[in-house]
K.L.:
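If you scroll down you'll find the structure; I have some questions about it.
What you see below is based on every heavy atom in this structure, not just the backbone, and it leaves out hydrogens, waters and symmetry mates. Counting begins at 1 with the first residue of the sequence.
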Amino acid sequence: MTDRIVIEFDKALRTLFAPAPTTRQVPGSEQPEAELSDKERAHAAALMRINHVGEVCAQALYQGQALSCSDPQVRLALQEAAHEETEHLAWTERRLAELRGRTSLLNPLWYLGALSIGIGAGKLGDAWSLGFLAETERQVEAHLDHHLSDLPWQDLRSRAIVEQMRLDEVSHAATAVRLGARELPAGARLAMRLVSRTMTGTAYYV
């Protein structure tokens, strides 16, 4: 148990304070840097900061769900999805630096909140936990679609990252459904959207 606590604490520290690794090439890295006005650059950086917060939360959610998961196959799927989300974390970190932006000052708070939600979802049972995962990924997909329409059209580097993230989230939702995800009640889906709206609205500025 002590070893497990140390491992999970190390994961949290790496997510919050260490550069994230990636084995895949950063999408859009072959594209030239866009000519952006100061306003466009600040807006693109704020959107990428929101995406970075989303990836911090994804790490915590998957960590919490894996901790309370009872099915080894489900736990493995969660760990594989978390690996891809780590790559998303690396991509958004890099793009933020290129845009001369910064990560959210509230990342530790976002992480702790998402970890608690993940553990709670896992405690409800694997089918409900997978249902929570599937719904989360669907809402993230919609959120990324919005960002694709909102990013400066000439910012091809940011657009490529967001598009690949979107494809990965679609795959994660499909995997959750394949493994037996239960459809969440309408009230739960609405509550998730409200929490997400609060987080994204805050992370745009802080």
K.L.:
Can we say Arg166 and Glu169 salt-bridge, meaning some charged N sits less than 4.0 Å from an Asp/Glu carboxylate O?
P.N.:
no
K.L.:
Should Glu84 and Met165 be marked as a side-chain contact (heavy atoms from CB on, under 4.5 Å) after you check the CA-CA gap, both sets of side-chain angles, and the distance that decides it?
P.N.:
CA-CA 9 Å; Glu84 284 192 347; Met165 288 168 57; over 6 Å; no
K.L.:
Using modelled atom types only, decide if a donor and an acceptor are shared between the side chain of Ser171 and the backbone of Leu167 within a distance under 3.5 Å.
P.N.:
no
K.L.:
State, to 0.1 Å, how close Ala20 and Ala90 come at their nearest heavy-atom pair, and which atoms those are.
P.N.:
O-CB, 3.2 Å
K.L.:
If you count heavy atoms of other groups shown closer than 6.0 angstrom to CZ of Arg197, is the number above 12?
P.N.:
no
K.L.:
With side chain to side chain donor-acceptor pair (under 3.5 Å) as the test, would you mind laying out the steps for Ser104 and Arg49 before giving the verdict?
P.N.:
CA-CA 6 Å; Ser104 174; Arg49 177 164 54 251; 5.9 Å; no
K.L.:
Side chains of Glu87 and Thr23: any donor to acceptor distance under 3.5 Å?
P.N.:
yes
K.L.:
Check whether any side-chain heavy atom of Gln63 sits under 4.5 Å from a side-chain heavy atom of Ile119, and report yes or no.
P.N.:
no
K.L.:
Tell me whether Glu30 at atom CD has more than 12 heavy atoms from other residues, nucleotides or ligands lying less than 6.0 Å away.
P.N.:
yes
K.L.:
In terms of the angle between their ring planes, are Tyr204 and His43 parallel, tilted or perpendicular, with boundaries placed at 30° and 60°?
P.N.:
tilted
K.L.:
Between the side chain of Gln139 and the main-chain N/O of Arg189, is any donor-acceptor distance below 3.5 Å?
P.N.:
yes
K.L.:
To the nearest 0.5 Å, what is the distance between CG on Leu184 and CG on Leu133?
P.N.:
10.0 Å
K.L.:
Just by distance, no angles: are the side chains of Asn51 and Glu55 close enough, under 3.5 Å, to form a donor-acceptor pair?
P.N.:
no
K.L.:
Which heavy atom in Ser129 sits nearest to a heavy atom in Ala121, and how many Å separate them?
P.N.:
CB-O, 3.6 Å
K.L.:
Would you check if His52 and Leu89 make a side-chain contact, meaning some heavy-atom pair closer than 4.5 Å?
P.N.:
yes
K.L.:
For the residue pair Asp168 and Arg24, establish whether any side-chain heavy-atom pair is separated by less than 4.5 Å.
P.N.:
yes
K.L.:
Side-chain heavy atoms nearer than 4.5 Å, only ILVMFWY residues, links allowed to pass through others: does that put Leu99 and Val26 together?
P.N.:
yes
K.L.:
Would Ser29 and Arg94 count as a side-chain contact (heavy atoms from CB on, under 4.5 Å) if you check the C-alpha gap in whole Å, the side-chain angles of each, and the deciding distance to 0.1 Å?
P.N.:
CA-CA 10 Å; Ser29 58; Arg94 172 170 168 172; 4.0 Å; yes
K.L.:
side-chain contact (heavy atoms from CB on, under 4.5 Å) for Arg193 and Glu135? Distances and angles first, verdict last.
P.N.:
CA-CA 10 Å; Arg193 283 194 291 271; Glu135 180 60 26; 4.3 Å; yes
K.L.:
Same cluster for Leu105 and Met199 if Ile/Leu/Val/Met/Phe/Trp/Tyr side chains link at under 4.5 Å?
P.N.:
yes
K.L.:
Could you measure the distance from the CG atom of Asn107 to the OG1 atom of Thr15? Nearest 0.5 Å is fine.
P.N.:
10.0 Å
K.L.:
Are Trp91 and Leu148 linked, directly or through other ILVMFWY residues, by side chains that come within less than 4.5 angstrom of each other?
P.N.:
yes
K.L.:
Taking all non-hydrogen atoms of both residues into account, name the closest pair between Glu137 and Ala173 and its distance.
P.N.:
CB-CB, 3.7 Å
K.L.:
With the side chain counted from C-beta on, respond yes when Arg102 and Leu96 share a heavy-atom pair under 4.5 Å apart, and no when they do not.
P.N.:
no
K.L.:
Quick one: does any side-chain atom of Thr198 pair with a main-chain N or O of Leu194 as donor and acceptor, under 3.5 Å?
P.N.:
yes
K.L.:
Give, for atom CD of Gln65 and atom CG of Asp126, the distance between the pair rounded to the nearest 0.5 Å.
P.N.:
9.5 Å
K.L.:
Do Glu40 and Gln154 have side chains that approach each other closer than 4.5 Å (heavy atoms only, starting at C-beta)?
P.N.:
yes
K.L.:
Hey, quick one: are Val56 and Ile117 part of the same hydrophobic cluster, counting side-chain heavy atoms closer than 4.5 Å, chains of contacts allowed?
P.N.:
no
K.L.:
Please find the pair of heavy atoms, one from Val74 and one from Leu179, that lie closest to each other, and give the distance.
P.N.:
CA-CD1, 4.5 Å
K.L.:
Any side-chain heavy atom of Val53 sitting closer than 4.5 Å to one from Thr200?
P.N.:
no
K.L.:
Assess whether side-chain contact (heavy atoms from CB on, under 4.5 Å) is satisfied between Phe132 and Leu61, documenting all intermediate values.
P.N.:
CA-CA 10 Å; Phe132 178 79; Leu61 282 170; 3.7 Å; yes
K.L.:
What I'd like to find out is whether the side chain of Leu151 reaches to under 4.5 Å of the side chain of Leu47, using heavy atoms alone.
P.N.:
yes
K.L.:
Under 3.5 Å, side chain of Ser149 to main-chain N/O of His146, donor-acceptor pair present?
P.N.:
yes
K.L.:
Going from OH on Tyr205 to CD1 on Ile50, what distance comes out if it is rounded to the nearest 0.5 angstrom?
P.N.:
9.0 Å
K.L.:
If I compare all heavy atoms of Gly28 with all of Arg157, which pair ends up nearest, and what's the gap?
P.N.:
O-CG, 3.3 Å
K.L.:
Mind checking the OG1-CE spacing from Thr103 to Met48? Nearest 0.5 Å is all I need.
P.N.:
13.0 Å
K.L.:
Between Arg95 (side chain) and Ile161 (backbone), is there a donor-acceptor pair under 3.5 Å?
P.N.:
no
K.L.:
Quick one, Thr22 and Thr86 - any side-chain contact, counting heavy atoms below 4.5 Å?
P.N.:
no
K.L.:
How long is the straight-line distance from CE of Met192 back to CZ of Arg138, given to the nearest 0.5 Å?
P.N.:
9.5 Å
K.L.:
Taking all non-hydrogen atoms of both residues, which atom of Ala45 and which atom of Gly101 are closest, and how far apart?
P.N.:
CB-CA, 4.1 Å
K.L.:
Consider only side-chain N and O atoms of Glu85 and His172, and report whether a donor and an acceptor are under 3.5 Å apart.
P.N.:
yes
